[in-house]
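Down below is the structure, laid out as structure tokens.
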Amino acid sequence: MKLEKLVGDRFKEKPADCIIDSHALMIRGGYIKYVGSGIFSLYMPLKRIARKIEQIIREEMDKIDGQEVLFPVVMPAGLLEESGRYTSIGKELLRFNDRNGNPYVLGMTHEEASVQMVREYGQSYAKYPFMIYQIQTKFRDEARPRAGLIRVREFTMKDAYSFHTSQEDLEAYYARCHQAYERIFQRTGLKNVVSVASDSGMMGGNVSHEFMLLTPIGEDSIAICESCGYRANLEAAESITENRRDEVSHPLTMVYTPHMQTIENVCNFLHADVKKSCKAVVYQRNSDNKYIILFLRGDLEANETKITNYLGCEIHPALITAESGINAGYIGPVNLQADAIVLYDMSLANANNVCCGANVEEYHYTGLDMQRDIQNAEYHDFAKAKDGGICPHCSAASLHISRGIEVGNIFQLGTKYTASMNMSYIDQDGQIKYPVMGCYGIGVGRLAAAICEESHDEYGPIWPLAIAPWQVHLCAVRADDAQVKEYADALYEQLQNAGVEVIYDDRSVSAGNMFSDADLLGVPLRVIVSPRNMKQNIVEVQSRDKSMKETIRLENALQGIQDILKQLR
RNA sequence: CGAGGUGUAGCGCAGCUUGGUAGCGCGUCUGGUUCGGGAUCAGAAAGUCGCAGGUUCAAAUCCUGUCACCUCGACCA
């Protein structure tokens, strides 16, 4: 490929809207063309990068017995109605009507399509397990696209769906897929990737992991324990932080008071101002036989479990539920003594089911001296770990918060889709059962942007060889010099014939211009032919990351370049 | 959806307060001199000033409405 004919402009000025480097470099380097909010066209260099990433993904998916298929982008609404997601998913699902007024959607993920595809096929246990995947355009009507290719609305994604006859089999396959993902990121040259436990969100299911590129510009926060290696997305956070009262920022706050509280007092305390329905749960600690009272509003079963696990306590038989207008008498045993109170205020909750209990002083407390108790209390935030927080696994105060970009994720879905869409098989024992599913995604464009973000300098991206748009960038400095032109042309031919992917710059532009463009294209190996070098009978070879710079004699150039490429690999 | 901001040539911006011939830099095109880190000189092309309505002799500029985009937050398979 001759650079002169490469479609797309490269330029010096950083566009005003680009907040992160990868975005700016991809615009400046002629990789992407902005079309609309969260919508981009790809020029040839990025398309080539994407193709190489896709090929790596494909090979690794095939290695774990994946079968590449293709689902439709446009799906009838009825398909998503089967699983209930047509109504449960919000506005990120783009809905529209065809000419007859029938409702359709643009695919944002393809669990339903995958189940629909294999529902008839998978009627016997003998067909399992199997995995199907596709690499295809998705559309998600994100509320706020940002940061170039990091968060877009239309994007290419590899999504895979596996089907199993048991949870054990799913878990074994899930582990294989986890390893395949590690290989994929390693092969693409991405270094700083970790997998973290995550929140399953709208996908349903229980176990899931996100693969995060650790970078300060990431939009997710991750808690990482430096002593035991525990890692989790902050959204999924089973973590606890000890705070001073003035630092309590979080939602789910447990207040230990040094003074005994009776349930009656606490209930009075709540009764004064809490108007919403509220569930008070008494927990009994196994170890010390002390009580903890939790006040929960709303449907917070998941968090109750989380708290129970952390405290190592069980729900006391004196479980109390009260509707608005809590009445101490109604609530029951009033002499139980508690040494901790968890205030859980759903009125401030967000979708992560965490909420703010920091406003305790706003309540009117009619019992003991709550104000004093609060002043003297220990505060623990659940769910939102802070730097230096307590690790829920090893209990060391060694939690560290990092930022990350999610470049892949894997979920154990269970039977959510197979059951709702009535996909069943007959098992060995003659019983009709629902298969359990896993699903596994990687965003191709986001991965490319993440690699650019991790590997660039002020002049441009530094693409790893495995995904670089070309392997060699051949510069003919002073292409108007006949000798230079003749030699460079010949070398270009030789390299191509040898199967080397080469971008050839024989434009009559200044060397500075040429080198700047080469930096923006980020090709790993640069070969420079110039009058100066010709005089010495050499070509100059240097790596894009500036770590290597060598000269090769003219007659050995082809072999020398191939040898260096092998070393880079 | 909440808060803030921006729409003027392909890109980056000035002009708006105080209404009066559409400006600058980069890029693009032509020609010259240059040539190892975005050279330089001369010349040229290119803009419905986001859109609609209003005020006015006259609107990029003032008023009203509207749309789009960006940032922060909310949300996020």
Side-chain angles (χ1 to χ4, degrees), chain A residues 8-20 23-24 27-30 33-39 80 83 85 88-94 105-114 138-148 150-153 155 157-161 198-205 208 210 219-220 233 235 348-352 405-406 408-411 413 416-417 439-443 446 458-460 475-481 484 505 507-520 526 528-535 540 542 546 549:
Chain A
D9 289 317
R10 289 164 302 283
F11 52 90
K12 203 175 345 185
E13 295 81 11
K14 177 182 170 180
D17 294 338
C18 299
I19 302 302
I20 66 168
H23 184 196
I27 296 285
R28 286 186 49 211
K33 174 71 177 175
Y34 177 87
V35 178
S37 181
I39 301 174
L80 273 78
S83 69
R85 286 208 297 184
S88 70
I89 296 181
K91 290 202 283 190
E92 58 268 31
L93 178 64
L94 187 60
V105 302
L106 285 186
M108 54 188 291
T109 173
H110 282 83
E111 283 74 12
E112 290 84 357
S114 71
K138 300 273 183 295
F139 190 92
R140 292 181 189 171
D141 197 358
E142 294 284 348
R144 193 155 88 78
R146 71 190 104 177
I150 298 296
R151 177 161 293 275
V152 291
R153 297 197 292 171
F155 56 100
M157 178 178 171
K158 183 281 299 179
D159 47 323
Y161 307 91
S198 70
D199 190 21
S200 303
M202 83 177 196
M203 296 295 289
S208 64
E210 290 167 342
E219 42 180 17
D220 290 286
N233 192 316
E235 291 172 3
L348 296 167
N350 61 27
N352 298 322
I405 297 173
E406 181 188 343
N409 55 35
I410 54 179
F411 294 86
L413 290 175
K416 172 177 164 144
Y417 295 94
C439 77
Y440 319 89
I442 294 180
R446 182 185 283 187
E458 59 183 304
Y459 305 108
C475 293
V477 173
R478 298 302 306 277
D480 56 333
D481 179 305
V484 167
D505 190 354
R507 296 172 301 167
S508 294
V509 298
S510 70
N513 213 316
M514 201 171 260
F515 295 151
S516 298
D517 276 354
D519 286 338
L520 279 170
R526 183 176 311 171
I528 302 166
V529 181
S530 73
R532 197 170 80 185
N533 290 342
M534 292 299 289
K535 270 184 202 141
E540 217 173 309
Q542 51 185 265
K546 317 280 193 214
K549 190 169 183 174

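If you're wondering where the values come from, they're calculated on a predicted model, not measured in any experiment. Every chain is numbered from 1, with letters handed out A, B, ... down the list of sequences. Side-chain atoms are counted along with the backbone in the values below, which use heavy atoms only and exclude waters and symmetry mates.
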In chain order, what residues pass the side-chain contact (heavy atoms from CB on, under 4.5 Å) check against A/R151, with sequence neighbours excluded?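 Only A/E142, A/R146, A/E219, A/R446 meet the side-chain contact (heavy atoms from CB on, under 4.5 Å) criterion with A/R151.
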
Return the set of residues passing side-chain contact (heavy atoms from CB on, under 4.5 Å) with A/S37 (not counting sequence neighbours), or none when no residue passes.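 Partners of A/S37 by the side-chain contact (heavy atoms from CB on, under 4.5 Å) criterion, ordered by chain and then number, come out as A/Y34, A/P145, A/R153.
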
How many whole angstroms separate atom [atom1] of [X] from atom [atom2] of [N]?
X      : N      : atom1 : atom2 : answer
A/E92  : B/rC1  : CD    : P     : 14 Å
A/R10  : B/rG12 : CZ    : P     : 18 Å
A/F515 : B/rG38 : CZ    : C1'   : 12 Å
A/D505 : B/rC35 : CG    : P     : 19 Å
A/F139 : B/rC76 : CZ    : P     : 18 Å

With sugar-phosphate meaning primed atoms plus P, OP1 and OP2, does [X] contact a base, only sugar-phosphate, or nothing at under 4.0 Å between heavy atoms?
X      : value
A/E540 : base
A/R526 : base
A/I442 : nothing

Residue met sooner reading RNA chain B from 5', once A/G443 and A/A511 are mapped to nucleotides: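 Per heavy-atom nearest nucleotide, the more 5' residue is A/A511.
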
Which residues satisfy the salt bridge (Lys or Arg N to Asp or Glu O under 4.0 Å) test with A/K546, sequence neighbours excluded?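 A/K546 satisfies salt bridge (Lys or Arg N to Asp or Glu O under 4.0 Å) with A/D519 only.
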
Can you identify which nucleotide, out of B/rC11, B/rA39, B/rC76, has its nearest atom closest to the A/F11 side chain?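 In terms of side-chain proximity for A/F11, the closest of B/rC11, B/rA39, B/rC76 is B/rC11.
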
Tell me which nucleotide among B/rG37, B/rA74, B/rA39 gets nearest to the side chain of A/S510.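 In terms of side-chain proximity for A/S510, the closest of B/rG37, B/rA74, B/rA39 is B/rA39.
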
Pick out the pairs of N or O atoms, protein on one side and nucleotides 25-34 of chain B on the other, that lie under 3.5 Å.
residue	atom	partner	partner atom	Å
B/rC26	O2'	A/E13	OE2	2.8

Please write out each protein N/O paired with an N/O of nucleotides 46-51 of chain B under 3.5 Å, distance rounded to 0.1 Å.
none

Taking only the P atom of each, what is the distance from B/rC24 to B/rG32 in whole angstrom?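 To the nearest whole Å, 26 Å.
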
Can you give me the N/O atom pairs linking the protein to nucleotides 69-72 of chain B at distances under 3.5 Å, or say none if there are none?
residue	atom	partner	partner atom	Å
B/rC69	O3'	A/Y34	OH	3.0
B/rC70	OP2	A/S37	OG	3.3
B/rC72	OP2	A/R144	NH1	3.1
B/rC72	OP2	A/R144	NH2	2.9

